[in-house]
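As the structure lists them, so they are numbered: ligands from 1, and atoms in each ligand from 1.
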Amino acid sequence: MNYQQIGRTGVKVSPLCFGTMTFGDSADENTSAEIYQKVRDAGINFFDCANVYAGGQSEEILGNLMYGERDKLIITSKVHGAMSNDINDRGLSRRNIVKACEQSLKRLKTDYLDFYFLHQFDPEVPIEESLKALDDLVRHGMILYPAVSNWAAWQIAKAAGISAKQELARFELIQPMYNLLKRQAEVEILPMALSEEIGVVPYNPMGAGMLTGKYNSKNKPKDARITVNAMYAKRYSDASYLTTAKAFTKYAKEKGLEPAMLAVAWVKAHPAITAPIFGARKVEQLAAPLKALNYKMSQKMYTEIAALSPQPPLANDRSEER
Ligand SMILES: NC(=O)c1ccc[n+]([C@@H]2O[C@H](COP(=O)([O-])OP(=O)(O)OC[C@H]3O[C@@H](n4cnc5c(N)ncnc54)[C@H](OP(=O)(O)O)[C@@H]3O)[C@@H](O)[C@H]2O)c1
């Protein structure tokens, strides 16, 4: 296994992370157990979770499954989303960060999280308040490293400045959306992560299923997430995505490769990426993405696949000088 180091932390993880968002949701407890065992058998030691997944059930299920081998694993969770109707049971206040972390630890049946993500930006709370709360969690041993998801690069850079000035534990890991259809992270997040030596674990590497070859203009697979989940349907509704997905599937077939494997391998091949976080709701879905664990993509293939979707403009809009 070609273990990857997360940024400058020294923590080593498998080159793929398994995301447990389906546990307790589209994968029941038995299916989640089968999925967990299969990815563990493949050598994965890295699991992503969040308090909001299936209203806390994902953490409960993962906690049961990892019981007895927790110390062999790198485990994450997240805070921000509403866990109840209580007005304070959400967001990035010190109050909610500390309380949500205590609750995640209980559900996961562990006394520490390796990485703890702020799941979204909270415009109502000064960044400093959230960073100080995370720093206290580190000091109490409840989390080992602060991490951040879905923030803009300028927000992360602003946080880095505050952490450095006030000697607070900094964000060591970023979790953006990233795949061949959603390439915004290439503009600022990925170059920043390389420059600052911050790990990157992107979600949706298979475009939530869109890049597995099963969607086309006539076919909307029954029960699949982009068919049944309105938010995902909207996220992947741009007509150009279907065109790219079709071209990508054709490319994969010409090379004799499975699109699901190739989609994950392409994300993994970017130099800023530590480990893509992939998901599944059925054990049969695992075989293809797991092949990306040991797949080494050539530079030629990487470039050919990148050419199948538009590259986002540079942050300074001067691509003509490149
Ligand atoms: N930070 C955040 O805001 C955020 C957001 C989303 C996800 N995440 C994390 O990232 C993880 C992965 O996200 P994701 O599940 O969206 O990523 P993904 O790997 O792009 O998509 C996984 C989905 O694609 C479909 N699929 C997987 N393998 C397939 C195969 N071989 N053939 C056909 N379809 C297949 C399945 O959905 P269907 O069967 O339903 O089509 C599966 O649930 C999540 O579990 C979570 O931990 C984080």
**Request:** Name the orientation class of the two ring planes belonging to Tyr178 and His270 (parallel below 30°, tilted from 30 to 60°, perpendicular beyond 60°).
**Result:** perpendicular
**Prompt:** Under a single-linkage definition using a 4.5 Å side-chain heavy-atom cutoff for Ile, Leu, Val, Met, Phe, Trp and Tyr, are Ile174 and Trp151 assigned to the same hydrophobic cluster?
**Reply:** yes
**Ligand-residue contact atoms, ligand 1 with His119, heavy atoms, under 4.0 Å** = 1 (N), 2 (C), 3 (O)
**Item:** Closest protein heavy atom to atom 13 (O) of ligand 1, given as residue, atom name and distance to 0.1 Å
**Value:** Asn204 N, 3.7 Å
**Prompt:** What is the nearest protein non-hydrogen atom to atom 31 (N) of ligand 1, stated with its residue, atom name and distance?
**Reply:** Gln285 O, 3.2 Å
**Asked** What atoms in ligand 1 come closer than 4.0 Å to a heavy atom of Gly19?
**Response** 11 (C), 44 (C), 45 (O), 47 (O)
**Asked** Taking the side chain from Thr22 and the backbone from Ala280, do they hold a donor-acceptor pair closer than 3.5 Å?
**Response** yes
**Request:** For Gln175, take its heavy atoms, then give the atoms of ligand 1 lying under 4.0 Å from any of them.
**Result:** 1 (N), 2 (C), 4 (C), 8 (N), 9 (C), 48 (C)
**Item:** Heavy atom of the protein closest to atom 3 (O) of ligand 1 (residue, atom name, distance)
**Value:** Asn150 ND2, 2.8 Å
**Message:** So if I count the atoms of ligand 1 from 1 in the order they appear, which ones are less than 4.0 Å from some heavy atom of Pro205?
**Reply:** 17 (O), 18 (P), 19 (O), 20 (O)
**Prompt:** For ligand 1, which atoms, with element, lie under 4.0 Å from some heavy atom of Tyr232?
**Reply:** 6 (C)
**Message:** Any side-chain to backbone donor/acceptor pair from Lys268 onto Ala263? Under 3.5 Å, distance only.
**Reply:** no
**Message:** Between Trp266 (side chain only) and Tyr302 (backbone N and O only), is there a donor and an acceptor less than 3.5 Å apart?
**Reply:** yes
**Prompt:** Considering only the protein, which heavy-atom contact is closest to atom 43 (O) of ligand 1, and what is its distance?
**Reply:** Arg225 NH2, 3.1 Å
**Fill in**
Note: ligand 1 atoms sitting under 4.0 Å from heavy atoms of Tyr53 are 4 (C), 8 (N), 9 (C), 46 (C), 47 (O), 48 (C)
**Prompt:** With no hydrogens and no angle check, is any side-chain donor or acceptor of Arg94 less than 3.5 Å from a backbone partner on Leu134?
**Reply:** no
**Request:** Would you check the N or O atoms of Met206, main chain and side chain alike, for any that come under 3.5 Å of an N or O of ligand 1?
**Result:** yes
**Request:** Would you kindly check if the NZ (Lys) or CZ (Arg) of Arg235 is within the cone defined by 45 degrees around the ring axis of Tyr241 and under 6.0 Å from the six-membered ring centre?
**Result:** no
**Request:** Look at atom 8 (N) of ligand 1 and find which of Phe47, Phe278, Tyr203 reaches it with the closest heavy atom.
**Result:** Tyr203
**Prompt:** Considering residues, nucleotides and ligands other than Glu69, do more than 12 of their heavy atoms fall under 6.0 Å from its CD?
**Reply:** yes
**Complete:** Checking heavy atoms under 4.0 Å, the part of Lys78 that sits near ligand 1 is side chain
**Fill in**
Of Ala280, Ser77, Gly279, the residue with the heavy atom nearest atom 19 (O) of ligand 1 is Gly279
**Message:** Taking Asp28's backbone N and O only, do any of them form a donor-acceptor pair with Ser32's side chain (distance below 3.5 Å, no angle check)?
**Reply:** yes
**Enumerated ligand 1 atoms positioned under 4.0 Å from heavy atoms of Thr20** = 45 (O), 47 (O)
**Item:** Protein residue, atom and distance nearest to atom 1 (N) of ligand 1, heavy-atom basis
**Value:** Ser149 OG, 2.9 Å
**Prompt:** Which protein heavy atom lies closest to atom 47 (O) of ligand 1, and at what distance to 0.1 Å?
**Reply:** Asp48 OD2, 2.6 Å
**Prompt:** Should the pair Lys78 and Tyr53 be classed as cation-pi, given the thresholds of under 6.0 Å to the six-membered ring centre and 45° from the axis?
**Reply:** no
**atom 25 (C) of ligand 1 - nearest protein heavy atom and its distance** = Gly209 CA, 3.8 Å
**Item:** Identity and separation of the nearest protein heavy atom to atom 12 (C) of ligand 1
**Value:** Ile277 O, 3.3 Å
**Prompt:** atom 41 (O) of ligand 1: which of Met261, Met21, Arg281, Lys214 has the nearest heavy atom?
**Reply:** Lys214
**Message:** Has Asn45 got a side-chain atom pairing as donor or acceptor with Leu73's backbone, closer than 3.5 angstrom?
**Reply:** no
**Prompt:** Is Phe117 near ligand 1, meaning one of its heavy atoms is under 4.0 Å from it?
**Reply:** no
**Prompt:** If you group Ile, Leu, Val, Met, Phe, Trp and Tyr by side-chain heavy-atom gaps below 4.5 Å, do Val39 and Ile74 land in one group?
**Reply:** no
**Message:** If we count only N and O atoms by modelled type, under 3.5 Å, do the side chains of Asn179 and Tyr236 hold a donor and an acceptor together?
**Reply:** yes
